[in-house]
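Just below is one structure, and these are the notes that go with it.
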Amino acid sequence: MIGKFPMSRRRFLSVTGLTVAGSALAACVAPMAPAADDAAMAPEPLRITHWWGEAFDNAMAAFAEQHPQYDVANEPAPWDGYHTKIPTTVAAGTAADVMFMNAGQFMELLPQGVGADLTEHLNGDPALDANLWAIDPALDTGWEGVAYGLPQWHPDSANLWVNKDLMSEAGIETPEWGHDDFMTWNWNDLVEATVATTKRMDDGSFEQWGIALGRLHSSAYRDMVWTNGGEFFDDTTHERPTESLFTDPEVVEAFQYLVDFELKHNVGTRPDDEAVIGPDGSYLSGKVAITWNWNIYGVMKQANFDWGIITPPFQQGRANKYGGNSWVVNSASDHQDAGYEFISWAATKLEGQKQFVAVGTVPAYNPHGIIPEAESEAQSNVWKLIIARQEAAIEDGVARAYSLGPHGTEIEDILNAEIALIFNGDRSVEEALANVKAQADPLLG
Amino acid sequence: MSTQLQSLPAWRQRRSVHMVMTHTLYYLILATVGTMLMVPFLWMVVSSVKAEHEIFSIPTTWIPERIRWENYTHALESFPFFRSLLNTLFITVSVIVGRLLSTSLAAYAFARMRFRLRTPLFVLVLSTLMIPYHVTLIPTYILFTRLGWIDTFLPLIVPNWLGLGAFYIFLLRQFFMTVPSEMNDAARIDGCSHFGIFARVILPLSIPALATVTIFTFLEQWNDFLAPIIYLNSPDKHTLAIAIQFYRQSASGAGWGPVRTWAHLMVVSLLTMAPCLLLFFFAQRYFIQGVVISGVKG
Amino acid sequence: MSMRLREELEAYLFLLPWILGFLIFLVGPLAASLYFSLADYNILQPPKLVGLANYQTMFADDPLFLKSLRITAIYTFASVPLIVTLGYLVALLLNQKVRGLAVWRTIFYLPAVVSGVAVAVMWVWVFDPDGGIVNNLLRLVGIEGPAWFTDPDWALTTLILTSLWGIGGGMVVYLAGMQGVPTHLYEACELDGGGTWNRFRHVTLPMTTPVIFFNLLIGIIGSWQVFTNAFVITNGGPANATLFYVLFLYRQGWKYHKMGYASALAWVLFFIILIFTIVVFKTSGWVYYESDQADQSK
C-alpha cells in the first residue's frame with residue numbers, strides 16, 4: 001500500500017521521526033527550528049565539512065576573515081567515519097552546507113540530490129574562465145553533463161616516486177622530466193629497474209624491494225589499462241556503462257604486466273608488507289626503489305635520500321584519471337549562494353588556492369597560475385610534471401573517470417577478490433578477468 | 001606459596017622441591033607469554049624515540065641510533081591533546097557513572113527479584129545485542145536530530161544513563177546471582193527493602209564486578225570514534241579518538257594534511273593508551289582472592 | 001498490597017531506566033530497520049516497499065550471503081571455544097599470589113589496549129611467508145608453511161589464530177569471577193585433603209561457571225558479528241576468504257548503499273543469534289548459581 005505512494009523526503013523524514021521517537025518524549029520535543037535569516041545584520045551561517053582535519057584550519061580562517069558576512073563553521077570529520085557520516089546526515093537533513101567529496105566514494109551520490117546543480121552559478125560567475133579548468137567540472141564531479149561540484153585539486157594520477165640513491169647504486173639512471181629519455185621510458189625499463197634494485201636476504205625475505213605497488217588499490221590497474229589503450233567499460237565517462245571490457249586484450253595485457261612484478265619477477269612488496277607500513281612507509285624506510293602512489297610530495301620532504309618523480313611508463317598513451325577531491329554544495333541547504341561563494345573561492349581564486357596548496361597539490365583551475373607560489377624547486381617540479389601529464393593525457397584522449405560509476409565499489413570488490421586468486425596461483429589473468437566480467441555485467445545490464 | 005624449606009620434615013621437603021619446580025615452570029610461562037604480549041607495546045615505545053627512517057628499518061632495530069625525546073615535545077605541539085583529553089574524560093566519566101547505576105539496578109532485578117516478565121524481558125535485553133549497529137545508525141541519528149542533540153555530548157552519554165548496555169546488565173546479573181541467597185534472606189528478616197539489599201549487600205559484595213564494568217566502559221568510551229565522529233561537528237568538541245584518527249591520517253602519508261611522522265603518532269598513541277593501562281593497574285587490586293566474602297561469612 | 005505484587009512493582013522500578021532507554025532510543029531505530037528490510041532503500045531517497053524481495057534475493061540469488069554465513073559459522077565454532085578456554089587458563093595463571101602481580105596482569109591486559117600499526121607490524125613478523133617466525137619454525141621441521149594472510153585457504157585460520165590476541169578482555173571477567181569464590185570453600189576442601197586439582201575441580205570451576213557462561217554466550221553473540229578484525233586486517237580478502245557476515249552487510253549498506261538489503265541481512269542474523277542464544281540457555285544445566293537455584297531462570 002505505502003509502496004504505491006512514494007513519499008517525499010520531507011514526509012519520509014517526519015514519518016521516520018515519528019517511528020523513531022515512538023515514545024513519550026516525541027511529544028515534548030520541538031522539531032529543530034530553521035535558523036531565522038531575517039536579521040540582516042547577523043552573519044549568515046555557513047557549515048563546511050571535510051576530512052582533512054586541521055590541515056584546512058588556516059584556509060577556513062582565511063575565508064572567514066575575508067568574508068565577515070558569513071559565520072563559518074568548520075566541521076572536519078576523519079576519513080574513517082566520513083563516508084558514513086555524509087550519507088547519514090544527508091538522510092537526516094542535517095548535512096553541512098558545503099561538503100568535500102572524493103569522486104571514487106561519492107560520485108554515484110551526486111545525482112541523487114546530494115549536490116546542488118552548479119550550472120547557473122558557473123554561468124553567472126564573471127570571474128571564471130571556463131577554459132582554465134584543467135578538467136571539466138561536469139566530468140570530474142558531475143553527471144551527464146551537469147557539474148555538481150568544483151574540483152579543488154588537479155586530478156593527479158598515480159606517480160612513480162623514485163629513490164635515486166638506490167637506483168644509481170644499482171646502475172640505473174632515473175629519467176628526468178624534460179629529457180628525451182623521460183618520454184620514451186617504457187614498461188621494459190620499469191621491469192629492468194625493479195629487478196636491478198631488488199635485494200634478498202639468505203632466508204629469501206626481502207632486504208630491499210624494487211617496487212611498492214599498492215596492489216590492493218585497483219587504481220594502479222586502471223592506469224596501466226588506460227596507458228595500454230584499454231577501457232574498463234563501454235562508456236568512457238563511466239556514467240551509463242552497459243558492458244564491462246575486462247576481457248579485451250589490452251586490459252588482459254596490462255593486468256598481466258602488473259601481476260608479473262610479483263609472480264614472475266618477484267620484485268614487489270606483498271600486500272601484508274603494505275598493510276603494515278603503507279606504500280610510503282616502506283618508501284621512507286629507504287628500502288624501496290620505486291613506489292606507486294598519488295602525490296605524496298608532503299611525505300617525500302622527510303626522505304633522507306635523493307628522490308625523483310616519474311610517470312608510470314608510457315605504452316600507448318599517458319595514463320590519467322580525472323576525479324579528485326571536489327567541493328559540493330548541499331542541494332538541501334538554505335545557504336547555497338554562500339556555499340557557492342566558498343567553493344569558488346577555494347577552487348578558483350588564487351588567494352583561496354594558495355591556502356589549499358599548502359597541503360601539497362596543484363589546483364584544478366588555472367594550475368599554471370600557482371607555479372610561482374611553490375615553496376621549493378622540488379615542489380614546483382612535481383607540480384609541473386603533473387600538469388604536463390594531465391594536459392598530454394587529455395590531448396591523447398586517455399584521461400578517464402576515476403570513479404567506476406554507479407556500481408563501481410561493488411565491481412572493485414569483485415575485481416580485488418579475483419586478483420587475489422591470480423596472486424595465489426589459482427587463476428590465470430585471463431580466467432580471473434573473465435570471471436570479473438561475468439559477475440560485473442549483470443550489475444550493469 | 002611461600003617456601004620455607006629449612007624447617008620442614010622430609011616428606012614436606014620433597015613436596016617443596018616439587019613446588020620449586022612448579023614455581024619455576026610458572027614463572028617461565030608467565031615470562032614467555034608476557035614477553036610476547038609486550039612486543040607491540042615495546043615496538044611503540046622504541047619507535048616513539050626513533051628517527052623516521054629507523055622505524056621501518058629492515059631488519060627491525062630495537063635500539064635507536066639516538067634517543068630522541070624531542071619527538072615528545074614536537075608531537076604534543078601539533079596535537080590538541082589537552083582539549084580533546086578533557087572532552088574524552090568528561091564523556092567517559094559520565095558514561096561510567098550512569099552505566100554503573102542503571103545497569104546494576106536492572107541486573108539486580110533480573111538476578112534477585114521475582115516478577116512475571118523476568119524471562120521475556122531478559123531475552124529482550126540480550127536481543128538488543130544481536131542487531132548490528134550498521135542498520136540502526138541512520139534512524140538513531142534521525143532520532144537525535146529530532147531531539148536537537150546533534151553536536152552535543154548527549155547522544156554519547158544519555159542512553160547510558162538509561163541502562164543501554166545489555167552486555168553490562170548480563171555481566172552484573174551473572175555476578176549478582178553468585179551471591180548466596182541466605183544473605184538476602186538474612187537482610188530481609190532484618191527488614192531491609194530490596195533497595196536496601198541492593199545497596200548494602202549486593203553492591204559491596206560485587207566490587208570486582210563493578211570494577212570490571214568500569215574497566216571495560218573506560219576502554220570502550222576512550223577508544224570509540226565512530227559515534228563521536230557522527231554526532232559531534234565542532235572541532236572543539238572532538239575526542240582523543242577523533243584527534244588520533246586525524247593524526248594517523250596524516251602520518252600514514254595519504255597526503256592528508258600536515259605531515260606527521262610515525263614517531264609522533266607513536267607518541268600520541270602511547271599517551272592516549274596510558275590512562276587505560278593505569279586504570280587497569282590500579283583497579284585490578286580489587287581482584288584479590290576471597291577478601292570480600294570471607295569477611296562476611298566469618 | 002501483597003508481598004508478591006509489591007515485589008513485582010518494585011522490579012519494574014529497578015528496570016525503569018532500562019525500559020525508558022529501550023522505548024526512547026531502541027524501539028524506533030529497530031522498527032525502522034525492520035521496515036527498511038522490506039524496502040528498496042539507498043539512504044538518499046526515501047525507502048520504497050518491496051515486500052520480501054530482499055529476503056528472496058538473499059536465499060535465491062546471492063552466493064556471497066551463504067559464503068559469508070559459512071565463514072562466520074566456522075569462525076564462531078573455532079574461535080569461541082579457543083578464547084573461552086585460553087582466557088580461563090590465563091586468568092587461573094594470574095589468580096595466584098605472586099610477586100609483581102599487578103604488573104603481570106597489566107602486561108596480559110596490554111593486548112586489549114594496544115592496537116593499530118604496532119600489532120599489524122607484529123603479525124607480519126609472525127606470519128610473513130618468507131621471514132616470519134611461524135614459517136621459520138616450520139622450516140626447522142622440514143615443512144614449508146603457507147602464505148598465512150594471503151592464501152585464501154589459510155586466511156580464515158590465520159584470523160582465528162590472531163583472534164587469540166583478544167583474550168585479555170575475557171581474562172578480566174574471569175579474574176573478577178574468581179574473587180567471588182568464598183575462601184571457606186577452599187578451606188573446607190583443604191581439610192578434606194584435596195590438592196590443587198581437587199580445589200580447582202570441586203571449588204574454582206563450579207563456582208566460576210556463571211562467568212564462563214557469560215563469556216561463552218557473549219563470545220557467540222560477538223563472533224557472529226565480528227567486524228573490526230576482518231575489516232582492518234584482511235578487509236574480507238583474499239578472494240572473500242574472510243568476508244564475515246557483518247562485513248558483507250556493511251559493504252551492502254554503506255559501500256553499495258543498499259541499506260534495505262543490509263537491514264534484511266541484519267534481521268536474518270538476529271534470528272540466527274537468537275536461536276544460538278536460546279540453545280545455549282537451554283543447555284546451561286552445568287552453570288551453578290549460589291543463589292536460590294530452583295527459582296532462577298538460566
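Values below: all heavy atoms of this structure, side chains included; hydrogens, waters and symmetry mates excluded. None of the values given here were measured: they were computed from a predicted structure. The sequence lines fix the lettering, A, B, ..., with proteins before strands; numbering per chain opens at 1.
- With contacts defined as side-chain heavy-atom distances shorter than 4.5 Å, the pair A:T88/C:W254 qualifies.
- For chain A, the nearby part of C:N42 is the side chain; its heavy atoms alone come within less than 4.5 Å.
- For C:F231, no part lies near chain A; criterion is any non-hydrogen pair under 4.5 Å.
- A:D426 CG to C:D153 CG: the interatomic distance, rounded to the nearest 0.5 Å, is 7.0 Å.
- Within 6.0 Å of atom CZ in A:R200, more than 12 heavy atoms from other residues, nucleotides or ligands are found, so the atom counts as buried in its surroundings.
- Note on C:R139, C:Q252, C:H257: by heavy-atom pairs under 4.5 Å with chain A, the leading option is C:H257.
- Inter-residue side-chain proximity for C:I43 and A:V90 is flagged as unmet; no heavy-atom pair is nearer than 4.5 Å.
- Summarising the geometry of A:L421 relative to C:P152, their closest heavy-atom pair is CD2-CG, 3.9 Å, with the distance given to 0.1 Å.
- Within the 4.5 Å cutoff, the side chain of C:K255 has heavy atoms near those of the A:D413 side chain.
- Contact annotation for C:N136: only side-chain heavy atoms (C-beta onward) come within less than 4.5 Å of a heavy atom of chain A.
- Looking at A:E410 and C:K258, their side chains come closer than 4.5 Å, going by heavy atoms from C-beta outward.
- A pairwise comparison of heavy atoms in A:A420 and C:A239 identifies CB-N, 3.4 Å as the closest pair.
- A distance of 9.0 Å separates CG in C:N240 from CD in A:E418, rounded to the nearest 0.5 Å.
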- Task: Could you give me the CA-CA distance, side-chain angles and deciding distance for C:T150 and A:N424, then say whether side chain to side chain contact (heavy atoms under 4.5 Å, CB included) is met?
- Result: CA-CA 7 Å; C:T150 53; A:N424 200 44; 5.9 Å; no
